[in-house]
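These notes concern the structure reproduced below.
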Amino acid sequence: MKTIQQESTAKLLDGIKVSAAVIECVRESIEAHVGKGGRRPGLAVVLVGSDPASSIYVRAKRRDCERAGIRAQDFDLDAQTSQDELLALIDRLNDSPDVDGILVQLPLPPHIDEPAVTNRIHADKDVDGFHAFNVGKLALRQPGLRPCTPRGVMALLHFYGIANRSMHAVVVGASNIVGRPMALELLLTGSTVTVSHRFTRNLEEHVRSAELLISAIGKPGIVQSEWIRPGSIVVDVGINRLPSGKIVGDIDFSSAAARAGWISPVPGGVGPMTRAMLMLNTAEATGVGVKMPFKAQPTG
């Protein structure tokens, strides 16, 4: 298995290692379920257009399905596919007894309204966790299918025994996909949460106060390493491709690792965890109970 070389004082939050452990648990649970006569989970993967980054992500998700013992159904649509055509496909997948989870890869072409698509998927097949009903359940401390990236961040922390209860957590970014549900996940497990966004004044002040810092903007350098509280936990959700082709996060890894106590790398941190949570959500959507490879944290 690929490993990440650590060149810093901070301990590494290794998403490759943890995601492999999660997927193995998902596979074991699914095979036990099938062995007792249960149906193998089915995931419909819908890709509209041929955006290079989206295509790479979808291929990785399909490989994860193979590793997890999930049956993937591929739907690769032309970029000119109309919104009505996409919604009609979702309706068919909603009605299909062989489909337990539906993934529509984002972003979609500009002529398609993303909320209309994500909310068209039945909430009990919404394995991305983007449906308003599922996010609402998380807000009310009744989590069901949860947004994959925030859930993956929590799994990464808890695998390493990091209990965030009572910590001051600062989330940089307030997107519907990461920032907002991330704050809900942290509240669920008892953190005191600050969410910063484009209207926040003095970002530096908020970052300096963070015991747990989660950056999810997608802009290199948005958080300067000298702002990081010594010994804090730093999770970098940002994925940015530089002109050189190198993939980096929102925070400079080397200089941040010299101050942090724990840090996630980019790549190899949150990205693999997001895909692992997709596998977990698909298993749960099928009714398969999965015992995670770490102790569950108490809720707030």
Side-chain angles (χ1 to χ4, degrees), residues 4 10-19 22 53-54 56-57 60-61 105-107 128-130 135 138 146-160 162 164 167-189 191 193-198 200 203 206-207 210-225 227-229 232-242 246-257 260-278 280-281:
I4 301 167
K11 297 178 183 178
L12 200 67
L13 298 167
D14 187 342
I16 295 174
K17 173 184 176 180
V18 181
S19 65
V22 170
S54 293
I56 291 171
Y57 296 151
K61 290 169 182 176
Q105 180 64 39
L106 303 180
D128 258 335
F130 293 157
V135 177
L138 180 59
R146 292 142 73 176
C148 293
T149 297
R151 189 177 191 184
V153 170
M154 302 309 300
L156 186 61
L157 294 173
H158 295 163
F159 181 91
Y160 285 101
I162 298 171
N164 58 289
M167 283 187 182
H168 179 210
V170 174
V171 180
V172 182
S175 71
N176 289 343
I177 292 175
V178 182
R180 291 171 190 266
M182 186 76 255
L184 296 175
E185 288 279 2
L186 291 163
L187 285 171
L188 183 68
T189 45
S191 288
V193 184
T194 297
V195 180
S196 61
H197 43 75
R198 59 181 174 151
T200 297
L203 176 62
H206 295 292
V207 171
E211 296 171 88
L212 169 58
L213 174 66
I214 299 171
S215 184
I217 292 290
K219 183 178 180 181
I222 187 71
V223 174
Q224 297 181 27
S225 297
W227 300 350
I228 292 172
R229 177 173 173 166
S232 62
I233 302 151
V234 176
V235 180
D236 195 342
V237 183
I239 300 178
N240 311 284
R241 186 182 296 273
L242 300 180
K246 182 180 180 180
I247 302 296
V248 299
D250 289 347
I251 306 169
D252 179 71
F253 179 83
S254 297
S255 55
W262 291 87
I263 191 168
S264 68
V266 179
V270 176
M273 294 304 303
T274 298
R275 302 198 311 270
M277 294 303 107
L278 176 64
L280 177 61
N281 278 352

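One is the number of the first residue; the rest follow in order along the sequence.
Electrostatic pairing of Glu185 and Arg151 does not count as a salt bridge here, judged by no charged N lying under 4.0 Å from a carboxylate O.
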Just do the side-chain hydrogen bond (donor to acceptor under 3.5 Å, both in side chains) check on His168 and Thr194 with the steps written out, would you?
-> CA-CA 8 Å; His168 179 210; Thr194 297; 2.9 Å; yes
Given Arg146 and Leu188, is the side-chain contact (heavy atoms from CB on, under 4.5 Å) satisfied, shown in steps?
-> CA-CA 12 Å; Arg146 292 142 73 176; Leu188 183 68; 4.3 Å; yes
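Ser215 is listed as a side-chain neighbour of Ile222, based on a closest heavy-atom distance under 4.5 Å. Side-chain contact check for Met154 versus Met182: some heavy-atom pair is nearer than 4.5 Å. Between Lys11 and Ile263, the closest side-chain pair of non-hydrogen atoms is not below 4.5 Å. Side chains of Pro147 and Leu184 form no contact here, defined as non-hydrogen atoms less than 4.5 Å apart. Side-chain contact between Val135 and Asn176 is absent, with no heavy atoms from C-beta onward closer than 4.5 Å. Side-chain contact between Ile162 and Trp262 is present, with at least one heavy-atom pair separated by less than 4.5 Å.
Asp128 places no side-chain N or O within donor-acceptor distance of the main-chain N or O of Phe130, the cut-off being under 3.5 Å. Tyr160 contributes a side-chain N or O that, together with a main-chain N or O of Asp14, makes up a donor-acceptor pair within less than 3.5 Å. In this structure a side-chain-to-backbone donor-acceptor pair under 3.5 Å is missing from Ser191 to Leu187. Here the side chain of Asp236 pairs no donor or acceptor atom with the backbone of Phe253 at under 3.5 angstrom.
Heavy-atom minimum distance, Pro181 versus Ser175: CD-O, 3.7 Å. Closest non-hydrogen pair, Ser264 versus Val235, comes out as OG-CA, 3.5 Å. Among all heavy-atom pairs drawn from Leu186 and Ala169, the shortest one is CD1-CB, 3.8 Å. The two residues Gly173 and Ile217 come nearest to each other via the heavy atoms CA-CD1, 3.5 Å.
For residues 175-184, no pair satisfies salt bridge (Lys or Arg N to Asp or Glu O under 4.0 Å), with sequence neighbours left out.
Side chain to side chain, Thr189 and Asn164 meet the donor-acceptor criterion of an N or O pair below 3.5 Å. Looking only at atom types and distance, the side chain of Thr200 has no donor-acceptor partner in the side chain of His206 under 3.5 Å away.
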Would you mind writing out the side-chain donor-acceptor pairs for residues 265-275 within the sub-3.5 Å range, not counting sequence neighbours?
residue : atom : partner : partner atom : Å
Thr274  : OG1  : Thr149  : OG1          : 2.9
Thr274  : OG1  : Val270  : O            : 3.3
Arg275  : NE   : Asp64   : OD2          : 2.7

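Each of Ile214, Ile251, Leu203 was checked for a side chain to side chain contact (heavy atoms under 4.5 Å, CB included) with Val172, and the lone residue meeting it is Leu203. No option in Leu213, Leu157, Ile228 other than Leu157 meets the side chain to side chain contact (heavy atoms under 4.5 Å, CB included) test with Ile233.
Rounded to the nearest 0.5 angstrom, Glu211 CD and Ser232 OG are separated by 9.0 Å. One finds the CG atom of Asp250 at 9.5 Å from the CD1 atom of Ile239 (value rounded to the nearest 0.5 Å). Between the SG atom in Cys148 and the CG atom in Leu280 there is a gap of 8.5 Å [rounded to 0.5 Å]. Going from atom CE of Met167 over to atom CG of Leu212 covers 6.5 Å, rounded to the nearest 0.5 Å.
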